[in-house]
Amino acid sequence: MALKSVFSRKTLAPALRHYRSVTTFTLPDLPYDYGALEPAISGEIMRLHHQKHHQTYVTNYNKALEQLDAAVSKGDAKGVVQLQSALKFNGGGHVNHSIFWQNLKPISEGGGEPPHGVLGWAIDKDFGSLEALVKKINSEGAALQGSGWVWLALDKEQKILKVETTPNQDPLVTKGASLVPLLGIDVWEHAYYLQYKNVRPDYLTNIWKVINWKYASEVYEKESA
């Protein structure tokens with residue numbers, strides 16, 4: 001059964017629960033039904049993507065955090081180092097997907113409506129137009145070899161918008177501490193293969209119909225203030 005809830009300010013951060021001395025994470029609810037993004041993204045893809053793939057990242061991240069706690073407690077420096085890849089991959093998977101779900105919105109609720117106000121002006125200034133930005137993101141997302149993410153980011157130091165890509169489940173912060181994710185698109189095959197097969201460009205073209213520009217605008221206004 002699809003999960004449905006409305007995100008509040010408090011739930012924008014990953015949900016937490018405490019287990020012994022280790023803070024662990026839980027799978028966030030989606031703010032819409034699994035089938036609400038059709039026909040751009042099928043309900044079957046959304047259900048599997050959320051319940052299977054994101055849940056796996058959460059489970060493995062929690063496991064790695066508990067192993068890290070045990071290694072630190074024992075003074076096991078080698079064990080701490082060995083866990084870094086699992087923490088980055090699974091933690092990044094959780095962070096990235098938590099952003100991704102908020103970047104999507106049903107058409108009936110305003111998904112796909114172009115950004116207005118300060119974000120719209122910033123896009124025109126830094127890319128020329130929204131159409132030029134979409135073309136750049138689609139091009140870089142389609143060209144990304146293997147699996148990964150394509151991002152619209154605010155560089156808080158340079159005070160400009162940028163398009164960045166990250167491989168695998170690397171979060172955007174790995175490209176620079178000053179980068180704030182406004183919009184992230186998952187280009188792993190699990191995000192589109194059941195519907196679009198291996199034609200990633202078609203997926204990238206259609207996902208804009210359900211992009212939540214209101215969320216991106218709220219983040220931009222907060223972080224650029």
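All values derive from a computational prediction rather than experimental measurement.
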Salt-bridge present (Glu131, Lys135; N to O < 4.0 Å) |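 No, Glu131 and Lys135 are not salt-bridged.
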Does the [X] side chain pair with the main chain of [Y], one donor and one acceptor, at a distance under 3.5 Å?
X: Glu38; Y: Gly43; result: yes
X: Asp126; Y: Leu161; result: yes
X: Asn212; Y: Gln102; result: yes
X: Asn103; Y: Leu182; result: yes
X: Asp155; Y: Glu157; result: yes
X: Asp33; Y: Gly35; result: no
X: Gln195; Y: Pro39; result: yes
X: Trp149; Y: Gln169; result: no

What distance do [X] atom [atom1] and [Y] atom [atom2] have between them, rounded to the nearest 0.5 Å?
X: Leu152; Y: Leu133; atom1: CG; atom2: CG; value: 5.5 Å
X: Leu154; Y: Leu183; atom1: CG; atom2: CG; value: 13.0 Å
X: Lys136; Y: Lys162; atom1: NZ; atom2: NZ; value: 11.0 Å
X: Asp202; Y: Ile207; atom1: CG; atom2: CD1; value: 13.0 Å

Side chain to side chain donor-acceptor pair (under 3.5 Å) partner of His54, chosen from His94, His190, His97, His49 =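 When side chain to side chain donor-acceptor pair (under 3.5 Å) is applied between His54 and each of His94, His190, His97, His49, only His94 qualifies.
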Qualifying residue, where the test is side chain to side chain contact (heavy atoms under 4.5 Å, CB included) with Asn62 and the options are Asn90, Thr24, Val22, Thr26 |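 Result: among Asn90, Thr24, Val22, Thr26, Thr24 is the only option passing the side chain to side chain contact (heavy atoms under 4.5 Å, CB included) with Asn62.
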If you look at every heavy atom in Trp208 and Ile185, which pair is closest and at what distance?
->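 Between these two residues, the closest heavy atoms are CZ2-CD1, 3.9 Å.
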Which pair of heavy atoms, one from Leu144 and one from Arg200, lies closest together, and at what distance?
->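 Smallest heavy-atom distance, with atoms named: O-NH1, 2.8 Å.
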Close aromatic pair by centroid cut-off 6.0 Å: Tyr57 and Phe89 |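 When the ring centroids of Tyr57 and Phe89 are compared, they turn out to be within the sub-6.0 Å range.
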Just checking, any donor-acceptor pair under 3.5 angstrom between side chains of Tyr32 and Glu109?
->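 No, because no side-chain N or O of Tyr32 sits under 3.5 Å from a partner of the opposite role on Glu109.
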